[in-house]
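Quick notes on the structure that follows.
The sequence lines fix the lettering, A, B, ..., with proteins before strands; numbering per chain opens at 1.
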Protein chains: 2
Amino acid sequence: MPQHDAQARLAVSTVIFALSPETDGDGVERPSLRVPLVRRLREPGLGRWALPGGWLPVHESLDAAAARTLNETTGLAPRYLEQLYTFGDPDRSPGERVVSVVYWALVHSDEVERAVSDENVRWFDEDDLPDLAFDHAAIIEYALRRLRTKLEYSGIAHALLGETFTMAELRGVHEAVLRKRLDAANFRRTMEASGTLVDTGERLAGTRHRPPALYRFDPAHSPVASPSPASAAPQHAASVTAPPAPRPGTHSKDTP
Amino acid sequence: MPQHDAQARLAVSTVIFALSPETDGDGVERPSLRVPLVRRLREPGLGRWALPGGWLPVHESLDAAAARTLNETTGLAPRYLEQLYTFGDPDRSPGERVVSVVYWALVHSDEVERAVSDENVRWFDEDDLPDLAFDHAAIIEYALRRLRTKLEYSGIAHALLGETFTMAELRGVHEAVLRKRLDAANFRRTMEASGTLVDTGERLAGTRHRPPALYRFDPAHSPVASPSPASAAPQHAASVTAPPAPRPGTHSKDTP
DNA sequence: CCAAAAGTGTTTGTTTTACACCCATGG
DNA sequence: CCATGGGTGTAAAACAAACACTTTTGG
């Protein structure tokens, strides 16, 4: 198998979204979206923040590489993982041609406390991003667009919450992502009609008002409108086969 | 700039869609979708049909590489070109790890007659595809899904027609792609409301019935619902900066 | 009993769908 | 003058948005 002329190098990166921990214990505060970034430890772009990622190993699938680097960076398993776009402008990385297959992921807010965060890995608020290396600012902007668009026709919001959640919490996610207030009554009806929610029968106690019902996401009715029964190639999958184990090990890789 | 361990090779391929020439001179027959394929001239997959494409040159952008290989294969310039997905399963190509960035394109039926077609390049009907190399059958199926989905919320159908077209021709494209009959009256209204069509004032003579108006696509109002004014990274562009010149030269490259 | 959010009902306006019907042309 | 699609009108149904109102808890 001949290895011909000079080739571009292949990297895999992921835009990871999670909800900020509620500032108020009552869940009243509107949460906001956060993204973990790693500090670059070498040139080019030394010291600036970048998306977690790494070079693609020869024997690893793209999806697996995305899930792995995500786990190595944050210590989390993605609840949702989907390929976003492949960025390959010849000059997006100075010195060397790098093509990046970029994924986007949603992780549970439950587990975010468990997430890695040190000098070289930090979570940034969606609208308070630092100076970013390469074209990563544009990539995050694009991922945000995709998240917002997809939220409106697909029930992925639950992937940002825990196992069970109240209707208000789910609405809070939509409001935070879409950056607009939603009518509680109509939102409830829309969600109930979608068939993706199951009432657990339990309700959340300890509020200073009527206790809300707790729902669970129904994986059976998830992608809802998949036209073909035997689906085609890319499994724009929700729940991903989790990586080996949340082990915050060799994080902060350097890759455009 | 260190070139480390073994890497995957990067290819760019394109699923090209065009309409079959009308069998009836009156435009009554429903057209169907066709895809050009190239015969593989070497192993792996020798003799089988595959998507046009080639290895990514180090200094060429992904978009440019897609447009170029498209032109080299068919002799056409794409009217619409958009990145589809990146396929990179470790075993999708026997022997060597190949990652393919796949694009999809629409070309004018006007120019299809000008298209290359010989022993090693042939156009196949959407539902009469031959035995395909690698995972290309799944890729085409996925591209079809994308085309169908995108047609319903975006006015790209005109990219399959000529400069001017009648409302019935445009509807014919939609019907051919979506594989279902559409109400002529409602279709007309939806299209007129979209604001993407301009009445040329001329009408098509020579039919055995009332002469229909000829429309032109209005590039000003094309992508319509782009939320952000200064758009983010990937320009899911319509009309593409055409490659140098339609020169049917070195076609039929070999790439997964 | 009061505040505060959960949850239900109702009204109104818009969009989608189905289909009836007139119009203009070639034969 | 008739067959054939081009083009317009319209009523019913489905959907979306706005908002009033009742319910259930903690304090």
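- The existence of a salt bridge linking E141(B) and R148(B) is excluded, since no basic side-chain nitrogen approaches an acidic carboxylate oxygen closer than 4.0 Å.
- Note: NE2 (H209(A)) to C1' (dC1(C)) measures 18 Å, nearest angstrom.
- With rounding to whole Å, L197(B) atom CG is found 15 Å from dG7(D) atom C1'.
- Within 4.0 Å (heavy atoms only), A205(A) reaches no atom of the nucleic acid at all.
- With respect to the salt-bridge test (charged N to carboxylate O, under 4.0 angstrom), the residues R179(B) and D127(B) qualify.
- Rounded to whole Å, atom C1' of dT4(D) lies 14 Å from atom CG of L204(B).
- Among the protein residues, A168(B) comes within range of the sugar-phosphate backbone only, with heavy atoms under 4.0 Å from sugar or phosphate atoms but none that close to a base.
- Contact annotation: R208(B) side-chain N/O to dT4(D) OP1/OP2 distance is not under 4.0 Å.
- Nearest to the side-chain atoms of A185(A) among the listed nucleotides dT8(C), dG6(D), dT25(D) stands dT8(C).
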Could you give me the CA-CA distance, side-chain angles and deciding distance for D183(B) and R188(B), then say whether salt bridge (Lys or Arg N to Asp or Glu O under 4.0 Å) is met?
-> CA-CA 9 Å; D183(B) 184 290; R188(B) 162 182 299 276; over 6 Å; no

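- With the nearest nucleotide of DNA chain D identified for both P211(A) and T166(B), T166(B) has the one nearer the 5' end.
- Regarding contacts with the backbone of dG7(C), a side-chain N or O of R203(A) is found under 4.0 angstrom from either OP1 or OP2.
- Annotation: salt bridge (charged side-chain N to carboxylate O under 4.0 Å, His left out) contacts of R216(B) (sequence neighbours excluded): E163(B).
- Contact annotation: side chain of R189(A) to base of dG9(C), donor-acceptor pair present below 3.5 Å.
- Taking every side-chain heavy atom of R188(A) into account, dT8(C) is the closest of dA24(C), dT8(C), dC19(D).
- Nucleic acid contact for A213(B): sugar-phosphate only, since backbone atoms but no base atoms lie under 4.0 Å from a heavy atom of the residue.
- In this structure, the CE atom of M167(A) is 23 Å from the P atom of dA4(C), given to the nearest Å.
- The CD-C1' distance, from E169(B) to dG6(D), rounds to 13 Å in whole Å.
- Under the 30°/60° scheme for interplanar angles, the aromatic rings of H158(A) and F217(A) are found to lie parallel.
- Remark: the R210(A) side chain and the dT23(D) base include a donor-acceptor N/O pair separated by less than 3.5 Å.
- Residue F165(A) contributes atom CZ, which lies 21 Å from atom P of dA5(C) at whole-angstrom precision.
- Rounded to whole angstrom, the span from the CG atom of N186(B) across to the P atom of dG9(D) amounts to 14 Å.
- Distance D183(B) CG to dG9(D) P: 15 Å, rounded to the nearest Å.
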